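Okay, structure first, notes after.
If you're wondering where the values come from, they're calculated on a predicted model, not measured in any experiment. The first residue of the sequence shown is numbered 1, and numbering continues consecutively from there.
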Amino acid sequence: MINVENKAAKIVLEYGLITVSILIMVVGIYFFKFPNNFAFGGVTGFATVFSKIIPWSASDFTTVVNLVLLVIGFLFLGRSFGIRTVYASVLMSLALSFLERVYPMAGPLTDQPVLELIFAILLPGVGAAILFQIQASSGGTDIIAMILKKYTSWNIGTVLLLVDMAAVFLAFFFFGAETGLFSVLGLLAKSLVIDDVIENLNLCKCFSIICDNPEPICNYIIHDLKRSATIYDAQGAFSHHKKTVILATVKRSQARRLRRFVRAQEPTAFILISNSSEIIGKGFLAG
């Protein structure tokens, strides 16, 4: 029963994070990207352009293309397609359509395109980073990437970059140099924002603690922080006194507690603390 409850809680948490992530992305896309004709970022980038050519709004175009890509995904990927991708894609389409009905946008929110570009990059970037963190996808061109990964040996990143560049090129053609250049800037900044957010979400603190009495510190790490540690013997180069070195990696939220405990337990201990966003092993990332 405990396993069932844990599994159910995990599923609820995952879908809650997907929902929050998609809603963050939708706010950035609908309020800042679409009104300014910023044409970067997969399906919504093309929606920005084609909504000016065909009698569809950008939200409707996104909905139709996402549904078509979902059908294609089922045809080519089958069950491996993933219910989370379907949920995220449908939720994005519904949220965009809902906002269009309840809060139609006649133009940009402000007269500051640079400010709006920042939010058009930042909000979808944060949402996408959270999705990547839980190994989920918002659908759209990600579906094309899944298909290409399964059936070809093409470089997926290059293909998706070319797709994004095509949307940016169209922005130059239909909206002029200013909007096109903003779109280029958005395309370049988007990946940087996603990488930076993912790195901060994964950030951990690595401790090297040189001390005389390692037992209380190790007990605190194991029993209070629920982490493990590695210890080995060392010797001071100047004093030649015997020392013990404790190596431990903890979450950022636990680092302050560990530092405070070590300073209270053994004030003369020498502590080295470094940052790492890629820890592979039990309790962190899978290998």
Side-chain angles (χ1 to χ4, degrees), residues 6 9-10 13-14 16-18 20-21 24-25 84 88 118 121-138 142 145 149 155-158 160-161 187-238 242-287:
N6 289 341
K10 183 180 179 181
L13 177 61
E14 283 184 351
L17 286 174
I18 292 172
V20 171
S21 302
I24 291 173
M25 294 175 71
R84 293 188 300 180
I118 292 172
I121 297 168
L122 183 62
L123 294 176
V126 170
I130 297 173
L131 287 177
F132 291 151
Q133 182 73 7
I134 58 175
Q135 298 181 334
S137 164
S138 61
D142 290 345
K149 183 177 181 180
N155 186 308
I156 306 304
T158 301
L160 292 180
L161 178 61
L187 178 61
L188 295 174
K190 183 183 69 171
S191 59
L192 297 177
V193 169
I194 293 173
D195 289 345
D196 192 58
V197 173
I198 290 174
E199 184 172 336
N200 278 280
L201 287 174
N202 289 330
L203 188 65
C204 295
K205 298 287 187 177
C206 301
F207 279 73
S208 296
I209 305 168
I210 304 171
C211 61
D212 295 316
N213 185 18
E215 188 172 347
I217 300 173
C218 289
N219 286 337
Y220 182 79
I221 294 171
I222 294 170
H223 299 296
D224 291 79
L225 300 182
K226 307 301 180 185
R227 293 293 175 186
S228 188
T230 299
I231 62 174
Y232 58 88
D233 294 329
Q235 179 178 293
F238 177 77
K242 297 297 182 183
K243 297 284 185 177
T244 299
V245 179
I246 304 172
L247 300 180
T249 301
V250 299
K251 294 294 186 180
R252 185 164 42 177
S253 59
Q254 300 171 318
R256 182 176 298 179
R257 294 166 57 193
L258 178 57
R259 182 173 58 186
R260 187 185 303 121
F261 179 84
V262 174
R263 298 303 294 165
Q265 180 66 35
E266 191 172 324
T268 59
F270 195 78
I271 309 171
L272 298 175
I273 306 173
S274 59
N275 294 329
S276 179
S277 59
E278 192 168 355
I279 309 294
I280 299 174
K282 186 176 180 182
F284 295 93
L285 297 178

Is there a donor-acceptor pair closer than 3.5 Å between any side-chain N or O of [X] and the backbone N or O of [Y]?
X: Q254; Y: L225; answer: yes
X: R84; Y: I134; answer: yes
X: Q265; Y: I217; answer: no

State, to 0.1 Å, how close [X] and [Y] come at their nearest heavy-atom pair, and which atoms those are.
X: G127; Y: I24; value: N-CG2, 4.2 Å
X: A128; Y: M25; value: N-SD, 3.8 Å
X: S228; Y: A248; value: O-CB, 3.9 Å
X: R263; Y: A269; value: NH1-O, 3.3 Å

Non-hydrogen side-chain atoms of [X] and [Y] separated by less than 4.5 Å:
X: T244; Y: I210; answer: no
X: C218; Y: I231; answer: yes
X: R252; Y: N200; answer: yes
X: I246; Y: V262; answer: no

Can you list the residues that meet the ring pair (Phe, Tyr, Trp, His ring centres under 6.0 Å) rule with Y220, with sequence neighbours excluded? F261

Is the number of heavy atoms from other residues, nucleotides or ligands under 6.0 Å of R256 CZ greater than 12? no

For side-chain contact (heavy atoms from CB on, under 4.5 Å), just list the numbers for N275 and K205, CA-CA rounded to whole Å, side-chain angles, deciding distance to a tenth of an Å, and then say yes or no. CA-CA 5 Å; N275 294 329; K205 298 287 187 177; 2.7 Å; yes

Taking salt bridge (Lys or Arg N to Asp or Glu O under 4.0 Å) as the cut-off, I'd like each qualifying pair that reaches into residues 125-134, sequence neighbours left out, listed once. none

Y232/L247 under side-chain contact (heavy atoms from CB on, under 4.5 Å): CA gap, chis, key distance, verdict: CA-CA 9 Å; Y232 58 88; L247 300 180; 3.8 Å; yes

I need the full list of ring pair (Phe, Tyr, Trp, His ring centres under 6.0 Å) pairs touching residues 194-215, with sequence neighbours left out, sorted by first then second residue. none

Report the residues that fulfil salt bridge (Lys or Arg N to Asp or Glu O under 4.0 Å) with D212, sequence neighbours left out, ordered by chain and then residue number. K243

Give me the one residue out of T249, L258, V250 that meets side-chain contact (heavy atoms from CB on, under 4.5 Å) with R227. V250

Under the side-chain hydrogen bond (donor to acceptor under 3.5 Å, both in side chains) rule, collect the residues that match up with Q235, sequence neighbours excluded. H240, K242

List the residues meeting side-chain hydrogen bond (donor to acceptor under 3.5 Å, both in side chains) with N219, not counting sequence neighbours, and say none if there are none. none

Separation of [Y] [atom2] from [X] [atom1] (nearest 0.5 Å):
X: E266; Y: I209; atom1: CD; atom2: CD1; answer: 9.5 Å
X: L123; Y: I118; atom1: CG; atom2: CD1; answer: 11.0 Å
X: K226; Y: I221; atom1: NZ; atom2: CD1; answer: 13.5 Å

